[in-house]
Visitor: 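The structure's right below; bear with me while I get my questions together.
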Amino acid sequence: MASRSAARRYRHALWLLTARDLRVRYSTSALGYLWSILDPLVMSAIYWFVFTQVFHRGKVGEEPYIVFLLSALLPWMWFTGAVSDSTRAFVSETKLIRSTTIPRSIWVARVNASKGIEFLLSLPVLAVFAIATGAHLHWQVALYPLAIVLQAALVYGIGLIVAPLVVFFRDLERAVKLILRFFFYASPIIYSTTALPDRLHDIAAFNPLSGIFGIYRSAFFPSQLDWFEIAVSAVVTVVVLAIGLVVFRRSEHRVLKEL
C-alpha cells in the first residue's frame with residue numbers, strides 16, 4: 001500500500017510539474033502552441049525545397065516527401081528538445097530540488113513528459129499534410145504506441161545520464177548540443193536507411209532512432225518498417241535506460257551537495 005501511495009504521489013507531482021512547464025511555455029508567448037510546430041514545419045519546408053526543387057533527390061526518401069520528412073522531424077523535435085532541456089533539469093531548478101523530497105528523477109521525467117505531449121499535439125499537423133498530399137494511412141499506424149514507448153524510454157535514459165553529469169561538468173551542456181547537431185544528420189530524418197550503402201545499413205541500425213523513426217514512417221510508408229532495426233533499437237534503449245538508472249543513483253547524493 002505504501003509503495004502504491006508513493007507511486008500515486010509521484011504521478012501526481014509529475015503531472016503538476018509537466019502542466020506547469022507547458023503553461024509557462026505557452027502563456028509567455030503570443031503564438032503559444034504554434035511555436036511547437038513552426039520549427040519542424042520550417043525545417044521541413046527547407047529540406048523539401050532543397051531536395052525536390054533544387055537537387056534531384058533520387059532514393060533519399062519516398063513520396064509525398066513532405067510527409068516523409070514530417071513523420072521523422074516531429075519525433076526528432078521531441079528527442080532533441082528533451083535531451084537538450086535535460087542538461088538544465090537540475091541546474092535550472094536548484095531551489096525546488098533542495099526544498100522538496102520528491103524523487104529527483106522527476107525533474108528529468110517532467111522534461112520528457114512535456115516534450116512528449118508537445119509531440120502528440122503536433123500530430124494533427126502531420127495528418128493535415130497527409131490528407132493534403134494524398135498519403136495513404138496503413139495498418140502500421142497501430143504500432144505508434146510502441147514507437148512512443150521506445151522513444152520515451154530512450155529519452156528518459158539519456159536524460160538520467162546527462163542531467164547529473166552537467167552539474168559536475170558544465171561544458172557538457174554545450175557538448176550535448178554539438179552531439180545533437182551531428183546526430184541529426186546521422187539519423188534517418190531527411191533520408192531513409194534503405195538509401196544507405198549496404199555496408200552502412202547495419203551500422204545505422206545501431207542508432208536507436210532508426211528503428212523508432214521507421215515505425216513512425218511505416219504508418220504512411222510500410223516499406224520503412226524494419227523489424228531488425230526495431231529489435232536493435234529496443235535493445236539499445238534498454239541498455240541506455242539501465243545505464244541512466246545506474247549513473248543517476250550513484251550520482252544523486254553528490255548532485256545534491258553540489259547544487
Side-chain angles (χ1 to χ4, degrees), residues 39-84 119 126 129-130 133 135-141 143-144 146-155 157-158 175-241 243:
D39 196 5
L41 280 178
V42 171
M43 290 177 66
S44 295
I46 293 172
Y47 287 115
W48 172 86
F49 179 78
V50 170
F51 286 106
T52 63
Q53 306 302 310
V54 179
F55 300 109
H56 180 62
R57 191 175 71 255
K59 295 183 179 180
V60 171
E62 297 190 32
E63 292 291 348
Y65 190 57
I66 189 67
V67 176
F68 182 86
L69 279 172
L70 281 173
S71 57
L73 267 175
L74 293 178
W76 168 257
M77 299 307 295
W78 170 12
F79 178 83
T80 187
V83 172
S84 180
F119 164 70
L126 177 60
F129 276 91
T133 57
H136 297 290
L137 191 65
H138 299 272
W139 69 265
Q140 286 85 350
V141 70
L143 297 176
Y144 254 55
L146 172 61
I148 291 172
V149 169
L150 284 175
Q151 183 166 348
L154 177 65
V155 172
I158 295 174
V176 167
K177 292 181 179 179
L178 291 176
I179 293 171
L180 286 173
R181 191 175 303 169
F182 164 79
F183 215 52
F184 174 84
Y185 294 101
S187 300
I189 299 173
I190 59 179
Y191 58 86
S192 167
T193 54
T194 58
L196 296 173
D198 292 338
R199 65 181 184 279
L200 295 179
H201 187 267
D202 291 341
I203 297 175
F206 284 91
N207 177 350
L209 293 180
S210 295
I212 294 172
F213 289 173
I215 297 175
Y216 288 125
R217 279 186 167 144
S218 66
F220 302 100
F221 312 101
S223 64
Q224 297 297 313
L225 189 66
D226 188 321
W227 288 108
F228 172 73
E229 290 182 354
I230 294 171
V232 174
S233 292
V235 172
V236 173
T237 296
V238 170
V239 171
V240 170
L241 182 59
I243 293 174

Visitor: Of the non-hydrogen atoms in V232 and A205, which two are nearest, and what is the gap between them?
Guide: CG1-O, 3.1 Å
Visitor: Kindly compute the distance separating CH2 (W227) from OG (S233), expressed to the nearest 0.5 Å.
Guide: 11.5 Å
Visitor: Would you say that I148 contacts W78 through its side chain, given a criterion of any heavy-atom pair below 4.5 Å between the two side chains?
Guide: yes
Visitor: Could you work out, with side chain to side chain donor-acceptor pair (under 3.5 Å) as the rule, every residue matching S187, not counting sequence neighbours?
Guide: N207
Visitor: Check whether E229 reaches the backbone of G214 with its side chain - one donor and one acceptor, N or O, closer than 3.5 Å.
Guide: no
Visitor: Between L73 and F213, is any pair of side-chain heavy atoms under 4.5 Å apart?
Guide: no
Visitor: Looking only at non-hydrogen atoms, find the nearest pair between G211 and I230 and report the distance.
Guide: O-CG1, 3.8 Å
Visitor: Do E62 and Q224 have a side chain donor and acceptor closer than 3.5 Å?
Guide: yes
Visitor: Looking at every heavy atom in both R181 and Y185, which two are closest together, and how far apart are they?
Guide: O-CD1, 3.4 Å
Visitor: Looking at I215, is its backbone amide N or carbonyl O close enough to the side chain of Y144 to form a donor-acceptor pair, meaning the two atoms are under 3.5 Å apart?
Guide: no
Visitor: Taking all heavy atoms of L196 and all of A204, pick out the closest pair and write down the distance.
Guide: CD1-CB, 3.6 Å
Visitor: Mind checking the CZ-CG spacing from R217 to L70? Nearest 0.5 Å is all I need.
Guide: 10.0 Å
Visitor: Compare all side-chain heavy atoms of F68 with those of S192 and state whether any distance is below 4.5 angstrom.
Guide: yes
Visitor: So which heavy atom on T237 is nearest to which on L154, and how close?
Guide: CG2-N, 3.6 Å
Visitor: F119 versus M77: any side-chain heavy-atom pair under 4.5 Å?
Guide: no
Visitor: Identify the residue among F183, Y216, F184 that makes a side chain to side chain contact (heavy atoms under 4.5 Å, CB included) with L209.
Guide: F183
Visitor: Checking S218 side chain against L225 main chain: does a donor-acceptor pair fall under 3.5 Å?
Guide: no
Visitor: So, do S84 and L180 sit near enough that their side-chain heavy atoms are less than 4.5 Å apart?
Guide: yes
Visitor: Report the C-alpha distance between F220 and L126 in whole Å, list the side-chain angles of each, state the deciding distance to 0.1 Å, and finish with yes or no for side chain to side chain contact (heavy atoms under 4.5 Å, CB included).
Guide: CA-CA 11 Å; F220 302 100; L126 177 60; 3.8 Å; yes
Visitor: Using atom types as modelled and distance alone, determine if a side-chain donor or acceptor of T80 lies under 3.5 Å from a backbone N or O of W76.
Guide: no
Visitor: Quick one: does T193's side chain get under 4.5 Å of D226's, heavy atoms only?
Guide: no
Visitor: Work out which heavy atom in Q140 is nearest to a heavy atom in A219; give both atom names and the distance.
Guide: CB-N, 4.1 Å
